[in-house]
Amino acid sequence: MHERGFVHQCSDLEGLDAKLCEGPQSAYIGFDATAQSLHVGNLTGIMMLYWFQQCGHKPITLMGGGTSKIGDPSFKDEQRKLLDDATIEENIKNIEKTCFAQFLTYGDGPADALMVNNNDWLDGLKYLEFLRDYGRFFTVNRMLSFDSVKTRLERESPLSLLEFNYMVMQGYDFLELNRRYGTLIQMGGSDQWGNIINGVDLGHKADQVQLYALTAPLLTTPDGKKMGKTENGAVWLNAAMLSPYDYYQYWRNVDDVMVGTLLRRFTILPIDEVEKLEALEGAEINEAKKILAFEATKLCHGESAAIDAQDTAQKVFEQGSIGDDLPTIEIDGTRLAAGIPLLDLLVETGLAASKGEARRLIQGGGIKRNDEAVNDVGYASTDGDLTGDGYIKLSAGKKRHVLIRTK
C-alpha cells in the first residue's frame, strides 16, 4: 500500500501491520448510492480493496442505502439532494452489476468480497434508544473540530442536523460491521478521516474493541481540482454512462506529471515496470500514457474493450481515420436534410455544454467538421455533410470527437 501511494494516515500503523500478519482480516469502504454508477473519484477506494484481497484479506463493499438518505457534508457547500428509497435501491443494483465485478471477487470464501447495505441496520434504529446507547459517546466539541464541518461553518454555508448526523451514522456502521463480521479496518480517502476515527473511538468506548483507520491521499490535478471530473461531468465506471473509449481517453489525456502516481494507483503493473515508465521524459511520456490508459481501461471494462478503445484511438489520432468505438449519436434524417445549426449540434453531441460555449469554440478555431475547420458561427449542417460512409465527424479540439449518423 505504501509502494503504490495508498497510505496517508493510519490510527496505529504498527498495530495494524501486526494484525494483518496474524491472518486474514476484513476491511471495508463505504460507497453512497447517489447515482447509478461510481466514478473515478471512487477508484482509489476500490483499488485499496483490490490489493487488500490480493494479499489474502476479505474486502467488504458497504453500500450506503441508509446514509444515502442523509448526505455526507464533507467539504460541500450545499446539502445534497435527498433521494427516495426506490431510487437508492435502483442505484445500488446498478453499481453492484457494473462497478465492482471487474475489480473484486465475491463469494463465500475467507478472502472473497462481501457486499452489504447499511440500511439493513440503520432503517430499524429507534431514535431515543440510539441516542441513549450511542449519542453519549460523541461530543459536539469534537465533531465541530473536523475539517469537513469547519469548512462549512467558515464559509457560513448551512449545515443541517440531518447532515451533522452523518458522521454518527458512519461511526455506527463501523461498530455494526465489527459485530457482524469481525471487521477491524475502515479505509477511505483522507477527507473521511474524521468520520472513520469516530468509528474507531466508538468501537473502543462501546465494545472495548481495537479498530483501525487507514486513509489514502486525495488525488488532485495540478490545478487543484479533484480527480474524476471533466468538462462534460464525472468519469463514470459504468460503460452505459461513459463508453470504454471515452474512459480510455480520460487516462490518455492526464497531465504528464501525474502519470507515475496514476500508474501506481490504478494499474496492477509490477512496481519495477512502473518505475521505468515514470522515469520517461519528453515525448516518451506519451507511451507511458498509452500504457496507463490501456491498463486502467482493461481493469474497469475488460481486455477486449481496452483493445477496441486503443485501436480506435490509434485510428483517430495516428492514422487520421475514424474508429468503430468513437462516440456516436443518431439524428433524424429529415431534420438533417432541413439543416441543423452547428451550435445546436455541438450541444446535442456533448462537445459543448451550452450554445455560448459552442460559439466560443467556433470563434476560437476549435471546431472541425469531417476534419475541416468551421469558422462560421451561423453554419448549419445538412445531409450534404455526410461522408460516403454515412457519417458526419464533429471534433472539438484535437481530442474530442463524435460521429453523427442518421436514422
Side-chain angles (χ1 to χ4, degrees), residues 1-31 42-62 74 103-104 109-114 116 134 137-139 141-143 145-148 167-168 170-220 260-261 263-272 274-275:
M1 299 294 267
H2 275 291
E3 271 188 333
R4 293 187 176 270
F6 287 114
V7 178
H8 178 67
Q9 284 177 290
C10 182
S11 56
D12 179 3
L13 197 56
E14 289 185 6
L16 175 57
D17 210 38
K19 199 71 183 175
L20 292 172
C21 290
E22 291 178 8
Q25 306 294 337
S26 73
Y28 87 96
I29 295 179
F31 300 89
N42 303 116
L43 203 50
T44 288
I46 295 174
M47 291 304 296
M48 291 175 83
L49 292 176
Y50 169 86
W51 287 114
F52 200 70
Q53 185 172 51
Q54 295 302 306
C55 292
H57 301 287
K58 188 178 189 71
I60 295 178
T61 46
L62 175 66
S74 295
F103 298 92
L104 302 171
D112 285 340
L114 178 68
V116 294
Y134 303 105
F137 296 127
F138 294 85
T139 67
N141 313 59
R142 181 110 192 274
M143 294 164 76
S145 72
F146 293 132
D147 288 342
S148 57
M167 62 180 75
V168 179
Q170 187 169 332
Y172 182 71
D173 281 347
F174 202 172
L175 182 66
E176 192 69 34
L177 285 169
N178 176 259
R179 290 172 174 176
R180 293 183 179 220
Y181 307 107
T183 304
L184 296 180
I185 308 143
Q186 182 181 174
M187 304 190 292
S190 58
D191 59 339
Q192 290 294 313
W193 177 253
N195 290 346
I196 298 175
I197 285 295
N198 271 334
V200 173
D201 290 345
L202 182 60
H204 176 71
K205 293 173 181 176
D207 286 4
Q208 293 75 54
V209 293
Q210 176 66 60
L211 303 178
Y212 300 91
L214 178 66
T215 63
L218 285 183
L219 271 183
T220 57
T261 299
L263 282 166
R264 287 173 182 269
R265 279 214 200 180
F266 301 129
T267 78
I268 57 175
L269 293 173
I271 287 295
D272 58 351
V274 171
E275 289 173 345

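Remember, it's a predicted structure, so these values are computed and weren't measured experimentally. The figures that follow rest on heavy atoms only: side chains count, while hydrogens, waters and symmetry mates do not. Positions are given from 1, in the same order as the sequence printed here.
- Contacts of Glu275 classified as side-chain contact (heavy atoms from CB on, under 4.5 Å), with partners at least two apart in sequence or in another chain: Arg264, Ile271, Glu278.
- With a 4.5 Å cut-off on side-chain heavy atoms, Thr44 and Phe266 count as touching.
- Pro217 places a side-chain heavy atom less than 4.5 Å from the side chain of Arg265.
- With a 4.5 Å cut-off on side-chain heavy atoms, Lys58 and Pro24 do not count as touching.
- Here the closest heavy-atom approach between residue Leu104 and residue Pro59 is recorded as CD2-CG, 4.3 Å.
- Rounding to the nearest 0.5 angstrom, the gap separating the CZ atom in Phe31 from the CG atom in Asn42 is 6.0 Å.
- Legend: residues meeting ring-ring contact (aromatic ring centres under 6.0 Å, His included) with Tyr50, ordered by chain and number and at least two apart, are absent.
- In this structure, Gln25 CD and Leu20 CG are separated by 6.0 Å, a value rounded to the nearest 0.5 Å.
- By the 4.5 Å heavy-atom criterion applied to side chains, Met47 and Ile268 are counted as neighbours.
- A side-chain N or O of Gln192 and one of Gln170 form a donor-acceptor pair less than 3.5 Å apart.
- Counting non-hydrogen atoms of neighbouring residues, nucleotides and ligands closer than 6.0 angstrom, the NE2 atom of His8 exceeds 12 such neighbours.
- Annotation: side chain to side chain donor-acceptor pair (under 3.5 Å) contacts of Asn198 (sequence neighbours excluded): none.
- Side-chain contact between Ile197 and Arg142 is present, with heavy atoms from C-beta onward closer than 4.5 Å.
- No more than 12 heavy atoms of other residues, nucleotides or ligands shown are found within 6.0 angstrom of CD on Glu14.
- Phe103 contributes atom CZ, which lies 12.5 Å from atom CH2 of Trp51 (distance to the nearest 0.5 angstrom).
- Residues passing the ring-ring contact (aromatic ring centres under 6.0 Å, His included) test with Phe52, sequence neighbours excluded: His57.
- Here the straight-line distance linking atom CG of Asp12 with atom CD of Gln210 works out to 6.0 Å at 0.5 Å rounding.
- Listed by chain and residue number, nothing satisfies the side-chain contact (heavy atoms from CB on, under 4.5 Å) test with Asp17 (two or more places apart in sequence, or in another chain).
- Considering CZ of Arg4 and CG of Leu263, their distance stands at 9.5 Å, rounded to 0.5 Å.
- Within 6.0 Å of the CD atom in Glu3, the count of heavy atoms belonging to other residues, nucleotides or ligands does not exceed 12.
- Two residues are said to be in side-chain contact when any heavy atoms from C-beta on lie closer than 4.5 Å; Met48 and Leu214 meet this criterion.
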Let me check something: any side-chain donor-acceptor pairs from residues 177-185 under 3.5 Å, sequence neighbours excluded? List them with distances.
| residue | atom | partner | partner atom | Å |
| --- | --- | --- | --- | --- |
| Asn178 | ND2 | Thr183 | O | 3.0 |
| Arg179 | NE | Asp207 | OD2 | 2.7 |
| Arg179 | NH1 | Tyr134 | OH | 2.9 |
| Arg179 | NH2 | Tyr134 | OH | 3.4 |
| Arg179 | NH2 | Asp207 | OD1 | 3.0 |
| Arg179 | NH2 | Asp207 | OD2 | 3.4 |
| Arg180 | NE | Glu176 | OE2 | 2.9 |
| Thr183 | OG1 | Ser26 | OG | 2.9 |

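- Side-chain contact between Phe138 and Asp201 is absent, with no heavy-atom pair separated by less than 4.5 Å.
- Note that CG of Leu211 and CG of Leu175 are 7.5 Å apart. Values are rounded to the nearest 0.5 Å.
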